[in-house]
Structures are given as structure tokens and as C-alpha cells.
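For reference, the structure discussed in these notes is given below.
Only a predicted model underlies this, so the values are computations on that prediction, with no experimental measurement involved. Protein chains get the first letters and strands the later ones, always in sequence-line order, with residue 1 at the start of each.
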Amino acid sequence: MSQELSEQEVQRRSSLSKLRELGIEPYPAAAFQVSHLATSVKTAYVENQPVKMAGRMMSQRIMGKASFAELQDSSGRIQLYFNRDELCPGEDKTLYNEVFKKLLDLGDFIGIEGTMFKTQVGETSINVTSLTMLSKSLKPLPLPKVDTDGNTHDAFTDAELRYRQRYVDLVVNPGVKETFIKRSQVFSVMRKAFDRFGFLEVETPILQPIPGGATARPFVTHHNALDIPLYLRIANELYLKRLIVGGFDGVFEFAKDFRNEGMDRTHNPEFTVMELYVAYKDYEWMMSFTESLIEEIALRVCGTTEIAVGEQQISLKAPFKRISMRDAILEHTGFDIEGKTEEALRDLCRELGIDVTPEMGVGKLIDEIFGEKCEARYINPTFITDYPIEMSPLCKRHRTNPALTERFELMINGKEIANAYSELNDPIDQRERFEAQLALSERGDVEAMFIDQDFLRALEYGMPPTSGIGIGMDRLVMLLTDNQSIQEVLFFPQMRPEKQVNLSELDRQILNACSVEPAPLADIRVMIDCSNKQWDLSVKLLTKNQLLKVFKLEEVLYIKKA
RNA sequence: GAUUCCGUAGCUCAGCUGGUAGAGCAAUACACUUUUAAUGUAUGGGCCCUGGGUUCGAAUCCCAGCGGGAUCACCA
């Protein structure tokens with residue numbers, strides 16, 4: 001596994017051993033006590049005050065017997081001033097001439113002691129009197145430069161590298177850190193708000209025997225000891241409701257959910273949802289609660305309710321507009337879906353140029369119409385309410401119209417941010433709804449829900465009237481940080497694995513001899529000139545790296561490209 | 001999954017209608033005691049994504065693959 005080192009990496013390794021020759025440990029064990037952060041020096045500047053600081057050296061300007069460098073810590077950057085005779089007061093100038101000037105590289109972690117001062121140009125700096133090596137960096141960081149006009153040059157922009165090596169992205173692109181700090185603040189503001197209401201933060205199973213609470217394709221895994229399939233949860237809704245049955249008045253969970261579906265700039269296979277359930281409330285209450293929560297988050301995290309998202313200005317000031325799904329569709333298509341049959345809706349879809357398939361029921365058709373013609377229009381926060389019953393199998397029937405449910409979705413910037421119900425707590429109605437879903441799945445809808453018998457049993461013991469909400473945390477953070485892509489708000493978004501298989505000449509020959517069409521393995525074997533042992537090794541390597549597939553069909557071994 | 005663009009030095013990118021590579025920054029060496037995209041001089045650094053084809057000759061043209069971006073489709 002030896003990989004060629006670049007010239008610069010070789011250079012840094014040689015600096016590393018030279019440091020050791022000078023008796024300096026490049027990776028010392030001892031703690032380094034820090035007194036100030038870069039920003040705290042600037043905000044609480046006191047002429048000549050002693051400081052101890054640590055971080056990465058990000059730039060170096062050497063001018064003979066004096067030098068400047070920049071130290072970057074978790075808070076930002078501060079300029080360091082090194083004077084040879086102040087750093088090395090005695091005869092021995094090695095620390096300055098050798099260590100600082102030659103053996104230190106950009107990206108190295110150093111600790112310094114010194115005093116605050118301002119340069120002739122007025123820049124707050126530290127006059128360094130003591131330098132400690134804290135950790136050597138063996139790979140050069142991509143270093144963007146910012147000129148006097150604030151333009152960034154040579155920025156590290158390659159999206160693939162940024163996501164695969166997020167640690168580098170974070171060191172080098174300051175805006176990235178901001179996004180994740182805000183993400184953390186969003187969570188923290190929500191936790192504090194829930195805490196004020198006395199809601200309980202809980203944890204429910206990620207590995208579930210029945211993937212319920214939503215309609216999506218799950219990831220499947222297998223439990224060896226029990227010899228049963230288990231699913232990574234697509235939602236945690238049914239478990240939180242069981243806790244309401246158990247007597248908690250308010251429970252919430254920040255949950256990683258997993259869905260085995262496509263990936264794009266708004267979908268990652270694992271994503272975070274905050275779900276909250278509150279007993280004795282309905283969706284009207286939840287709407288009021290949600291709008292004030294969103295407003296509070298905006299104020300605390302962004303400092304304002306008026307945020308810029310792309311080209312749009314969005315006001316997150318409560319209250320938000322409320323409109324029923326029927327009125328929304330009426331407004332944007334001129335068509336009233338009230339009481340329409342499946343056929344009438346299908347005709348409308350065709351008229352509007354929306355693709356439909358035979359397995360779509362009334363609910364799915366209405367959802368298509370809304371998604372296609374209305375959703376994108378709601379830029380400022382809007383509650384879409386009263387969804388048709390077919391679309392919402394876990395939601396309580398509307399108090400005045402039995403064809404509808406007491407459900408709302410919160411749309412912001414044309415995207416769904418939250419989804420909430422007056423929860424269905426009638427166990428008989430719930431069983432019928434599940435059975436209707438089962439019928440849908442028999443029609444070919446692979447996403448219709450499974451029936452969770454234990455959940456029904458829980459409802460039969462009685463669940464108080466409850467309202468619940470799920471908020472897509474990743475999308476909320478995208479909104480508040482003005483990011484267009486979910487990958488920008490996840491530290492480590494899902495990527496295709498890096499493939500770095502070093503194929504030998506023989507491996508390539510074999511690979512080229514095979515095609516996507518299966519061929520008898522023996523036929524390929526005779527085409528390749530090598531020993532049986534070499535053949536075996538190569539084929540094993542190729543199949544292990546999923547380049548080739550070998551399989552048996554009626555006692556004959558076949559081989560094909562994977 | 002479809003379309004489209006991209007893959008060249010550590011980073012950002014040039015490289016025209018084919019003649020085996022260039023810049024800036026970074027690196028190395030020397031000079032320089034308040035600079036700030038420090039400066040000056042010199043030097044080194046490339047499986048031009050991989051494999052095949054066309055050609056006397058491919059970073060460049062063609063095909064396939066891998067990886068990525070964008071748009072669309074799929075996705076309560």
C-alpha cells in the first residue's frame with residue numbers, strides 16, 4: 001500500500017526528522033494551556049498583556065531577522081510577530097533560524113507565548129517570545145489567499161474533494177464552519193424551547209422490525225442471533241406515539257432516519273428529523289406553536305426574521321399564512337378537487353401535463369397536482385392544511401369534513417419544512433386506514449405502509465388526543481444558512497466510495513476478456529496465459545472489488561463484468 | 001435512470017485546427033528587523049483520471065469505463 005509521496009510531502013517528512021534531531025518532539029504529549037483565542041485578543045485588547053495561544057500556522061512572511069505569521073484557532077486568525085532576538089535572547093538562534101524559518105510548515109500546530117501589541121500599520125498582533133511545536137502537518141493544505149479587496153484566490157472549491165475531505169474544507173474555508181455552527185445552534189434553540197414547555201427528549205429504536213410511520217423504501221439488514229430481518233427506521237412516529245400512550249405529555253427526538261431512495265441536492269440517504277408529540281393538543285395549536293418556534297430560531301440563529309435565500313427575501317415573522325390544500329389547488333389551477341372521483345382527477349392530471357400511473361389513488365393524484373402546480377409557489381412560510389384522507393393514514397379525520405384530515409405541512413421557499421397532524425387515535429379507524437394502505441401496496445405501490453400490529457394494540461389501550469410534528473432539520477438548516485444543497489449542511493454527505501484498486505497487467509487482461517454478458521468461466525480461462533494460481537488470485541481480487549461476478553448456473557461456472 | 005459539462009503540478013487554472021506541457025500561488029535555496037495576496041533572485045516539481053482505438057505521432061480526435069458537478073426524472 002505504499003503510495004508515492006509528493007515532493008512537498010517528502011520535504012515535510014524530512015523537516016519532521018530534523019526536528020527530532022534537534023531534540024524537538026513534533027507530536028508532544030503534554031497539554032498546552034491556552035489563555036486567549038484569536039477573536040478574544042481583538043475584542044479585549046490590552047497593550048502588552050501576556051497571552052498563550054495555540055493553533056495552526058496558516059501563513060508566514062519572513063523578512064530576515066523579523067517575521068510575521070498567522071495563527072488560526074477555532075475562533076479565527078491572529079497575526080504573530082517573531083523577532084529573532086526576542087525569541088532567542090541568548091547566543092543560540094536555532095529556534096528562529098532553523099525551527100521557525102525552515103522546519104515549520106504551513107498547517108503545523110504551534111503554541112506560542114507573547115504579548116499583545118499593534119504594528120505600525122495598526123494590526124493587532126502578538127509579539128512572540130516562546131514557540132512550542134504542537135503537531136506537525138505532513139500534507140500541504142490547499143491555501144486560498146485573500147487580497148486587500150477581499151477577493152479570494154485559489155479557493156479550495158472542488159465539491160468532491162470538499163465533501164470527501166471535509167476536515168480540509170473546514171480548515172481552509174471559513175464559511176463552512178459558520179454553516180455547521182449555525183446548524184448546531186438551531187438544534188440548541190429548539191431543545192431549549194422544548195425544555196421550557198417541559199417536553200421530554202427521548203430515544204427510540206433505529207433498528208426496527210417493521211419500518212413504519214412513513215412511506216418510503218427502507219434499508220434492510222439482518223440480525224444474526226434472532227435470524228430476522230431488521231430495517232433502519234424511515235421514521236420514529238409510531239414509537240413516539242407509544243410513549244404518549246404510556247403517559248408522557250410531550251416527547252421529542254432528534255432522529256436520524258434512513259431512506260433507500262435517490263440522492264440529489266435535497267435528499268441524502270440518512271437525514272435528520274425532529275419529531276415532537278404533545279398530548280391534549282390539536283393541529284391548530286401545533287401551527288401556532290410551530291410559527292413561534294421558527295420565528296424564535298430565526299431570531300436566535302440569524303439575528304433577524306428577514307432572511308435572504310438565494311434571490312428571495314423571506315420573512316419568518318409569525319404568524320404564517322394558512323391555506324387549505326383544496327384552496328391552494330383552486331388558486332393555482334382553477335380546479336376544485338372537492339368530492340372529485342379518481343377518474344376526474346386523473347383526467348385533470350392529463351390536462352395539466354402531469355404523468356400518472358394506474359396504481360395512483362385519489363390521494364396520490366392530488367399530491368401530484370399539488371407538488372407539480374402549487375408547492376413551488378409558496379416562498380414565504382405557508383401552512384397548507386386539510387389533506388385528503390387517502391394521503392394521510394396516520395392522521396385524524398377532519399372535525400367537519402370526513403374526506404379530509406387534520407394535517408398541515410409548512411412550506412417555505414417552495415419546499416416542505418414540516419409536516420404535522422392531529423394524530424389519529426381511533427384504533428378502529430387506524431386499522432382500516434392501514435388496510436387501505438395494504439390494498440394500495442397490492443396495487444403495486446411499493447411505498448405503501450406495513451401494518452404494525454403492536455402499534456394498533458397500543459392505540460387500543462387508548463391514546464389521548466395528540467398533535468405531532470416532524471421538522472426536516474437538514475432542510476431547515478439549508479434555509480437558514482442559504483445553502484442550496486443538503487451536502488453543504490451535512491458534515492459527511494453520502495458519496496460513492498473512493499475506488500483505488502491497483503490492477504496488475506494480468507488483472508486487466510482478465511477484466512478485458514470478460515463482458516457484461518456472462519460467459520462460461522472455462523472459455524475465458526483458456527484465453528488467458530497464466531498459472532492457475534495467478535488466475536485464482538486475480539479473479540478473487542477482481543470479484544472482491546466488485547469488478548467481476550462469478551456464479552454457477554446448472555453446474556457450469558459463469559463469469560461476467562459486475 | 002436521462003441529458004449535459006468537467007477530470008492537466010500540493011491548490012486555482014491555461015494549453016487553438018494533433019508535434020510527449022505552462023502560469024500564479026504553495027515548495028526549495030539565498031537576501032531582507034513592523035509586513036500583510038510582503039518583496040527580489042534562482043531552483044525543483046506532471047502515470048495530462050483509467051483502458052482501448054485512429055495516427056508516423058494523442059493532454060488534444062473517437063469509443064468504453066471510473067469519479068464529480070449541473071439540469072431533469074424517481075422519491076408522502
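When distances are taken from the side chain of A:K364 to each of B:U33, B:C72, B:C75, the shortest belongs to B:C75. Side-chain proximity of A:F156 to B:C72, B:U35, B:C11: nearest is B:C11. Here the side chain of A:R265 is nearest to one of B:G10, B:C72, B:U34, namely B:C72. Here B:C75 is the nucleotide among B:G69, B:C75, B:U34 with the atom lying nearest to any side-chain atom of A:E368. Distances were taken from every side-chain heavy atom of A:A159 (C-beta onward) to each of B:U12, B:G69, B:C72; the shortest belongs to B:G69.
For A:Y167, there are no ring pair (Phe, Tyr, Trp, His ring centres under 6.0 Å) partners at least two apart in sequence or on another chain. Take A:K42 and apply the salt bridge (Lys or Arg N to Asp or Glu O under 4.0 Å) test, not counting sequence neighbours, and it matches no residue. In terms of the salt bridge (Lys or Arg N to Asp or Glu O under 4.0 Å) criterion, residue partners of A:R407 (sequence neighbours excluded) are, by chain and number, A:E409. Scored by the salt bridge (Lys or Arg N to Asp or Glu O under 4.0 Å) test, A:K177 finds no partners at all (sequence neighbours excluded).
When each of A:Y81 and A:Q11 is assigned the nucleotide of RNA chain B bearing its nearest heavy atom, the one mapping closer to the 5' terminus is A:Q11.
Residue pairs meeting the ring-ring contact (aromatic ring centres under 6.0 Å, His included) criterion with at least one member in residues 351-377 of chain A: none, sequence neighbours excluded.
Per the geometry, CG belonging to A:N173 stands 12 Å off C1' belonging to B:U12, to the nearest Å. The separation between A:D264 atom CG and B:U3 atom P is 18 Å, rounded to whole Å. Spacing between atom CD1 of A:I62 and atom C1' of B:U28 amounts to 12 Å, rounded to whole angstrom units. Whole-Å rounding puts the A:E70 CD to B:A37 C1' distance at 10 Å. The OH atom of A:Y163 sits 12 Å away from the C1' atom of B:A70 (whole-angstrom rounding). Whole-Å rounding puts the A:Q484 CD to B:G69 C1' distance at 15 Å.
In terms of phosphate contacts, A:R164 brings no side-chain nitrogen or oxygen within less than 4.0 Å of OP1 or OP2 of B:G67. Residue A:Q8 has no polar side-chain atom (N or O) positioned under 4.0 Å from OP1 or OP2 of B:A9. In this model, the phosphate group of B:A31 is not approached by any side-chain N or O of A:K101 to a distance below 4.0 Å at OP1 or OP2. For the pair A:R61 and B:A37, the criterion of a side-chain N or O lying under 4.0 Å from OP1 or OP2 is not met.
Pairing of B:U4, defined by two Watson-Crick or G-U wobble distances under 3.5 Å, is identified with B:G69. In this entry B:A9 has no Watson-Crick or G-U wobble partner, no candidate having both defining distances under 3.5 Å.
Annotation: B:G53 and B:U12 have their C1' atoms spaced 33 Å apart (nearest Å). When the C1' atom is used for both B:U54 and B:C66, the distance is 23 Å, rounded to whole Å.
Across residues 118-125 of chain A, A:T119, A:Q120, A:V121, A:E123 each have a non-hydrogen atom less than 4.0 Å from an atom of RNA chain B (numbered order).
Residues A:V176 and A:R166 form a side-chain contact, since some pair of their non-hydrogen atoms from C-beta on lies under 4.5 Å apart.
If you check every strand for non-hydrogen atoms under 4.0 Å, A:D85 touches a base.
Residue-environment remark: NZ (A:K139) stays at or below the threshold of 12 foreign heavy atoms within 6.0 Å.
A:Y239 and A:E237 share no donor-acceptor pair across their side chains, judged by distance under 3.5 Å alone.
Evaluation of atom-type donor-acceptor distances gives a pair under 3.5 Å for the side chain of A:E7 against the base of B:G44.
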